[in-house]
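Just below is one structure, and these are the notes that go with it.
Atom set for the values below is all heavy atoms of this structure, side chains included, hydrogens, waters and symmetry mates excluded. Sequential numbering from 1 along the given sequence is applied to the chain's residues.
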Amino acid sequence: MIDGSGLARAPERPADCSGDRPVSPQPAPTRSQGRSVVLLVLGVLLVAANLRPALTSVGPVLPELRADLGLSAAAAGALTALPLLAFAAGGLGTPALGRLLGTERTLVAALVIIAAGTAVRSAAQGTGLFAGTVVLALGIGAANVLLPSVVKATLPTRVPLVTSWYAAVLNLAASLASGVAEPIARASAGGWRTAMGCWGILAVVTAAAWLPAALRARSTTARRGAAVGPISGSPWRSRVAWAVAGYFALQSAVFYSVVAWLPTVMIARGTDPTVAGLLLLTYQLVGLLGGLAVPLLLRGRTDQRGAAMLASGTSAIGLLGLALLPGSEWLWVVVAGTASGALFTLALTLITERSVDAARSASLSSMAQSAGYLISAAGPLLVGALHEVTGTWTVPMVLLGAVSATGVVVARPAGADRLVT
């Protein structure tokens, strides 16, 4: 049971709308009561566990799904691309909805939408499969946007640490769902429907855990401790906000392109399909370690430029190694995967650290994640198109390395100690 009374506003720090004025460190805010904070952090981790399993459980059972429903390869591709577009759409309206309903109520609504979409998708035929996918992804998109603002409100002085925890839980749940999907399908009478639909139960449980806080919450603008409140200005007009959005977009485009194509690239080079799958799993699992290392890199710092540049540069090295130095795939996968986990955690941390309070964090999160996921949807398509044109996987992989290297440049304005209002 999540106690919404533990939410507390982050300190107001002076900043202009352009986001370009350096901000000096401010005294740490007073912490909420320990029990409330612990419950809220646990609640954030529980929400994070819902943000990928409904999607990552699809790939392993996709052949069975296609055979059962007669889906073409193009339709199956659309099924995997739709969620990223829905993430972007779901995130755009979330700050306004949060201001209207309050953070806790909006989170519960998002979780209910995830559960409903998951149920529709696993039970439906034809167009219902796609409709359910869009619905659940809209709910995930809304929750994606809200979590940074909840972290900002709950523990504003421990943003990197809490962000690394929930990013790790998110990635671990995604890997777990991918790993158990096929065994669940084989063991259950419902087959792929059960493997994809069972994650709706987790969404229902999480919604129930947040329900007491949602019922206690009055309108956000009136109640004490609201995580999302009225704001002035827009991050769309801030250069710092665009830098943060660019950093999120670059890491997201690289991650989803690698996840979509790495096994195919390795198999084309003569790697056994099972080994190719293990390489992808390794890429995701070592990312957990990279993400958890971020708080150590940022300890005592309000400027994240060094860590953000290091992560982008390391990712570029790993991807270029994969592209140009065959024979050492395991080494480069570990390098690129570790950097990928750090990049994701840093991208979320930048959203929170560049925001003066939880309300601005939600607004910046909406902008950065909507732009990021729109670009992510195009990333795997561009990689595939380049392969078709060039007849090789080297050029697309070099491109991904170059995209990561671009992050080194974008990290400078995105990681500087400045605020967006």
Review point. What are the two closest heavy atoms between Pro60 and Ser178, and how far apart are they?
Key: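 Closest heavy-atom pair between Pro60 and Ser178: CG-O, 3.3 Å.
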
Point to revise | For the student: nearest non-hydrogen atoms of Thr106 and Gly98, plus distance | key: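 Nearest pair, atom of Thr106 first, then Gly98: OG1-CA, 3.4 Å.
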
With a 4.5 Å limit on heavy-atom distance, are the side chains of [X] and [Y] in contact?
X	Y	result
Leu129	Leu65	yes
Asn144	Tyr373	yes
Thr314	Thr338	no
Glu353	Leu346	no
Phe248	Ile351	yes
Thr56	Ser175	no
Phe87	Leu374	no
Val135	Val120	no

**Study point:** Under the side-chain contact (heavy atoms from CB on, under 4.5 Å) test, residues paired with Asn171 that sit two or more places apart
**Key:**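 So Asn171 forms a side-chain contact (heavy atoms from CB on, under 4.5 Å) with Leu288, Phe344.
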
Any side-chain donor-acceptor pair under 3.5 Å between [X] and [Y]?
X	Y	answer
Ser315	Ser404	yes
Ser376	Ser252	yes
Ser365	Gln369	yes

Roughly how far, to the nearest 0.5 Å, is the [atom2] atom of [Y] from the [atom1] atom of [X]?
X	Y	atom1	atom2	value
Leu136	Leu111	CG	CG	12.0 Å
Ile375	Leu84	CD1	CG	12.0 Å
Ser312	Gln251	OG	CD	9.0 Å

Review point. Taking it one step at a time, do Val383 and Met397 satisfy side chain to side chain contact (heavy atoms under 4.5 Å, CB included)?
Key: CA-CA 8 Å; Val383 169; Met397 292 301 292; 5.9 Å; no

Review point. Between Arg193 (side chain) and Ala124 (backbone), is there a donor-acceptor pair under 3.5 Å?
Key: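 A pair under 3.5 Å: yes.
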
Review point. Any sub-3.5 Å donor-acceptor pair from Tyr247's side-chain atoms to Ala308's backbone N or O?
Key: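 Yes, Tyr247 side chain to Ala308 backbone: donor-acceptor pair under 3.5 Å.
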
Check your understanding: With under 30° as parallel and over 60° as perpendicular, where do the rings of Phe255 and Tyr283 fit, or are they tilted in between?
Key ->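 Phe255 vs Tyr283 ring planes: parallel.
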
Exercise for review: Could you go through the side chain to side chain contact (heavy atoms under 4.5 Å, CB included) check for Thr118 and Ile201 one step at a time?
Suggested key: CA-CA 9 Å; Thr118 302; Ile201 299 173; over 6 Å; no

